[in-house]
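Reading through the structure tokens given below for one structure.
Just so you know, these numbers come straight off a predicted model, no measurement behind them.
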Amino acid sequence: MIKMRNVTKYYPNHSEPALAEINVDVEKGEFIFLVGPSGSGKTTFIRLLLREILPTTGEIYVAGIDVLHLRPWKVPYLRRNIGCVFQDFKLLPNKTAEENVAFALEVLGRSQHVIREQVPEILKLVGLESQGHKFPSELSGGEQQRISIARALVNHPPILLADEPTGNLDPATSLELMALFDRINKMGTTVLVATHNREMVDSMRKRVIALENGRIVRDQVRGVYGYED
Amino acid sequence: MIKMRNVTKYYPNHSEPALAEINVDVEKGEFIFLVGPSGSGKTTFIRLLLREILPTTGEIYVAGIDVLHLRPWKVPYLRRNIGCVFQDFKLLPNKTAEENVAFALEVLGRSQHVIREQVPEILKLVGLESQGHKFPSELSGGEQQRISIARALVNHPPILLADEPTGNLDPATSLELMALFDRINKMGTTVLVATHNREMVDSMRKRVIALENGRIVRDQVRGVYGYED
Amino acid sequence: MRISWFFKEAIISLKRNWVMSMAAISTVALSLLVLGLFAFVALTLDDLITSFERQVEIEVFLKDEAPFQEVQALQEKIISWKEVKNVKYVSKEEALRKFKEKYKDNPEMIEAIPGNPLPASFQISLKNPKNVVRVAKRLEGRKEIDEVKYGQQVVEKLFAVTKVVRMIGLLFILLLGFASLSLIVITIRLAIFARRNEVSIMRLVGASNWFIRLPFLLEGMGQGLIGAIIAIILIHFTRVTFFEKIAKSLSFLPISFGFDLFLKLSASLIVAGLCIGALGSSIALRRFLKV
Amino acid sequence: MRISWFFKEAIISLKRNWVMSMAAISTVALSLLVLGLFAFVALTLDDLITSFERQVEIEVFLKDEAPFQEVQALQEKIISWKEVKNVKYVSKEEALRKFKEKYKDNPEMIEAIPGNPLPASFQISLKNPKNVVRVAKRLEGRKEIDEVKYGQQVVEKLFAVTKVVRMIGLLFILLLGFASLSLIVITIRLAIFARRNEVSIMRLVGASNWFIRLPFLLEGMGQGLIGAIIAIILIHFTRVTFFEKIAKSLSFLPISFGFDLFLKLSASLIVAGLCIGALGSSIALRRFLKV
Ligand SMILES: Nc1ncnc2c1ncn2[C@@H]1O[C@H](COP(=O)(O)OP(=O)(O)OP(=O)(O)O)[C@@H](O)[C@H]1O
Ligand SMILES: Nc1ncnc2c1ncn2[C@@H]1O[C@H](COP(=O)(O)OP(=O)(O)OP(=O)(O)O)[C@@H](O)[C@H]1O
Ligand SMILES: [Mg+2]
Ligand SMILES: [Mg+2]
């Protein structure tokens with residue numbers, strides 16, 4: 001489902017690579033934790049998969065699509081296969097929570113009928129059924145994060161990328177959402193979660209890819225968060 | 001140092017109070033954790049202390065200042081007594097990391113001499129000595145958070161408020177920064193940290209104030225995070 | 001159904017980004033107001049100038065000895081020329097009457113005139129006054145004609161002046177048009193620039209370029225339309241309160257700030273508003289829609 | 001040292017917010033270009049109109065029987081009036097010479113004139129042509145004077161026209177001034193609106209209002225200044241390539257798109273740019289600096 005070959009990413013004007021010589025294979029239906037200290041390249045990894053940025057060298061395939069050689073006008077079709085929870089949420093400030101979630105469906109051309117049905121459902125799933133009419137600036141940090149999660153999930157994408165999806169959530173809600181991710185994964189979705197949440201990683205025992213200074217230092221089936229040493 | 005009397009906050013056009021009937025006394029030099037599930041009012045609590053918003057009813061005193069009846073032009077003087085780490089960082093996008101930290105000193109009228117000395121020092125303390133020249137958009141989530149922390153600490157304010165200061169940081173860095181907060185607290189600074197980080201709260205055994213639905217449900221000296229029940 | 005969704009999006013966005021919408025609408029309204037008023041005055045002035053130019057005439061003095069038939073034949077011939085609009089015959093008697101009228105304060109002099117020394121003449125007006133020299137040259141040297149007069153110097157000066165007035169008018173219309181276009185595009189660009197994050201977020205959740213562009217385009221056109229309508233209302237108001245008074249105070253001139261012209265102008269302004277609004281948002285978006 | 005810091009901040013911000021700075025600078029440049037060019041033409045036109053008005057004269061025909069001393073005394077008296085600029089005496093002989101000149105194509109008529117029936121006259125030019133009626137009335141009925149002529153109708157029409165031209169010119173200058181001011185303020189407001197988060201962050205870290213305002217103010221003034229300079233350069237260019245040619249082609253008119261006027265205009269534009277820039281940013285900030 002995801003394949004990276006010798007991917008290196010230098011940001012312009014910066015001499016240190018954010019990612020270096022990354023080789024990763026992810027099968028359809030896997031659940032992966034991406035861990036690593038702050039600044040190790042997790043967000044860069046996700047941005048590459050979304051084609052938000054292009055790698056300096058290397059090849060990337062997502063859902064069978066050659067990301068590098070994708071025509072610009074076809075990029076939206078790639079992204080519609082990927083649900084993404086952004087570290088900084090990336091909610092549209094001029095749309096309400098509901099409208100933000102609905103936008104992911106409107107992009108796909110879903111009918112109003114479907115939208116009116118699915119949006120409240122997913123809001124309920126993340127515990128925000130009563131906050132749908134608020135604008136992002138009127139939501140708490142954790143609520144915004146959950147709206148971002150709801151938007152990523154609402155159109156049942158085959159791939160789910162989540163960048164620090166529980167950074168602003170209390171442990172109980174975090175566990176609930178992880179259980180949700182696990183359920184979705186069991187139904188066939190490939191899930192990749194970048195996180196610092198040791199409790200979560202250790203309790204779920206999924207495949208763990210650990211980054212350090214932009215390099216993969218560990219790729220472990222049924223791994224743990226590590227790093228306490 | 002901080003006194004709240006019957007503070008209630010309704011956000012305009014919303015019927016549920018974000019905070020209700022809050023009574024809190026914090027002495028100079030205390031270290032307090034503010035915990036509670038997502039949407040329980042922690043950020044609202046901090047915004048009230050900063051006079052970013054005004055309470056609907058009640059009285060608030062910070063560092064001896066009557067926050068409610070403060071003349072608008074005196075507000076900056078209140079805020080210069082408070083270092084604040086914001087949940088969403090609130091870095092100036094058109095200033096580099098260094099300049100963002102320096103800004104807190106320039107506001108106080110510190111000389112260039114002092115600024116050139118103290119800024120690199122504090123950047124080193126948060127582990128970002130090499131990233132000072134980057135703009136916020138070029139920093140990872142955790143790096144932005146640490147710049148926000150550096151800015152809050154750089155002018156040695158008597159009060160430090162931190163809203164989820166480790167949400168984007170790995171456990172090792174989080175512990176380091178908490179140790180730093182503890183050191184600062186030992187030197188006399190009053191510290192209030194809103195957090196979801198159970199590990200941290202449980203290991204430090206400080207006073208814990210727990211919010212739920214905008215009400216204080218627990219105020220415990222040497223408390224724990226709780227909520228596993 | 002999809003199209004109605006885009007319209008709904010555009011209208012919601014127009015309302016929620018009220019500050020920016022206001023800025024764009026005001027800019028359109030102000031720019032088109034200035035442009036429209038100036039064009040209105042300039043076009044009216046152009047009419048006036050044309051009517052001045054039409055007053056340029058050729059005076060042809062006839063020999064006293066020319067027989068009446070020949071003079072009549074000449075008149076008919078001149079009328080048949082395509083450049084000529086009208087030929088008026090002034091007889092010797094009429095010429096004398098006019099002379100006496102002019103010097104009526106000086107009876108001594110009039111009495112002193114023996115018989116009628118003044119010649120008969122044609123007064124020739126042209127369809128396009130620019131041809132005055134050509135027609136005059138063609139008449140000179142004919143045997144029935146004593147002298148051809150057309151105030152060469154005055155005519156040349158008049159045309160030099162009208163040419164300059166027209167040139168300056170055109171320069172300003174072009175300049176105002178260019179400035180309006182640029183200012184509106186700048187404002188709409190700035191408004192969209194302020195929302196560039198929104199655009200990039202929409203792209204990241206899989207919106208195609210057209211899906212993003214259409215609401216912005218409709219929004220820009222809406223702003224352009226509202227701005228143009230405001231400009232038209234203000235121009236109408238100025239026309240009624242100001243220009244009509246001016247036309248009255250200059251009733252001796254063939255001046256009219258007419259309703260016809262106003263209607264044509266309004267239509268142009270509305271089209272301009274719509275186009276500039278669409279153009280502005282397209283240009284602004286192009287930068288943020290790359291990849 | 002503090003002040004230099006504010007200047008540095010303003011310059012850095014001007015550079016880093018390049019898109020918005022460009023927008024503001026272009027808006028200032030375009031607005032002031034149009035305003036400046038229009039004012040330039042309007043002021044030149046005003047000079048021209050004034051020189052036309054100055055040509056309005058009063059002609060006073062004297063009685064043949066008036067003794068020369070009295071006529072001289074009258075001339076001195078008229079000169080002493082404060083409204084009068086100049087009085088020119090035209091003797092009977094001179095009047096006849098002019099008449100003959102005019103009718104030189106018609107020798108029969110000139111020959112027929114017995115002696116000299118034409119009267120002597122004064123040609124009176126005034127300091128302010130508006131006083132023509134008053135002075136004429138004062139002269140009428142004097143015993144030395146036969147008739148006072150000042151082309152009442154023509155003068156009235158002329159003044160009606162010049163009044164309207166001036167009014168329209170003024171209207172447009174005011175309108176352009178208002179539009180320029182508004183457009184610049186709108187653009188700067190929009191640019192600052194896009195940065196309102198920055199302002200609120202600065203406030204939250206304890207910056208006082210003046211600490212925030214000063215760099216924005218300087219930035220606005222910088223944008224205004226740069227814009228004004230660009231406008232001046234463009235006006236200069238237009239003046240050299242376009243207006244001077246026009247002045248040449250209309251050399252028979254007392255028209256001059258002078259360097260003096262240009263200098264004065266430039267100074268005004270620079271002051272305007274600075275003020276509007278400062279004003280724009282102040283107005284824009286006021287909203288975001290409350291509490
Ligand atoms: N646009 C950019 N320009 C320059 N450097 C960048 C840019 N974005 C990220 N970086 C740098 O690349 C490195 C990796 O960043 P990345 O955001 O991938 O880290 P991360 O693993 O997500 O960290 P965190 O856990 O703190 O979010 C960091 O050192 C960061 O400073
Ligand atoms: N500007 C606002 N307008 C309306 N409601 C608001 C606004 N800001 C916050 N709220 C609501 O007030 C409640 C408390 O918000 P607050 O941000 O204080 O929560 P929090 O404890 O910080 O949560 P988190 O841990 O998720 O950051 C939430 O339900 C939120 O939706
Ligand atoms: Mg990251
Ligand atoms: Mg919060």
Query raised in the report: What's the shortest heavy-atom distance between T166(A) and S174(A), and which atoms?
Result: CB-OG, 3.4 Å
Report task. Determine the minimum heavy-atom distance between F211(C) and A207(C), stating which atoms define it. Result -> CD2-CB, 3.9 Å
Report summary line: Under 4.5 Å to a heavy atom of chain C? For K95(A) that would be both
Requested in this report: Name the region of E99(A), side chain, backbone, both or neither, that has any atom closer than 4.5 Å to a heavy atom of chain C.
Outcome: side chain
Query - K9(A) side chain reached by R47(A) side chain, heavy atoms, under 4.5 Å - result: no
Query raised in the report: Using 4.0 Å as the upper bound for N to carboxylate O, is an ion pair formed by R166(C) and E53(C)?
Result: yes
Query - Closest-packed option against chain A by number of heavy-atom pairs under 4.5 Å, given I201(C), V205(C), I212(C), I12(C) - result: I201(C)
Report summary line: Honestly, the part of L108(A) sitting under 4.5 Å from a heavy atom of chain C is neither
Requested in this report: Identify which of Y77(A), W73(A), F135(A) forms the greatest number of heavy-atom pairs closer than 4.5 Å to chain C.
Outcome: F135(A)
Report task. Heavy-atom distances under 4.5 Å only: say whether F86(A) touches chain C with side chain, backbone, both or neither. Result -> side chain
Report task. Taking the six-membered ring for Trp and the full ring for Phe, Tyr or His, determine whether the centres of F216(C) and F288(C) are under 6.0 Å apart. Result -> no
Query raised in the report: So which part of R71(A) gets closer than 4.5 Å to some heavy atom of chain C, the side chain, the backbone, both or neither?
Result: neither
Query - Axial cation check for F33(A) ring with K206(A), 6.0 Å and 45° limits - result: no
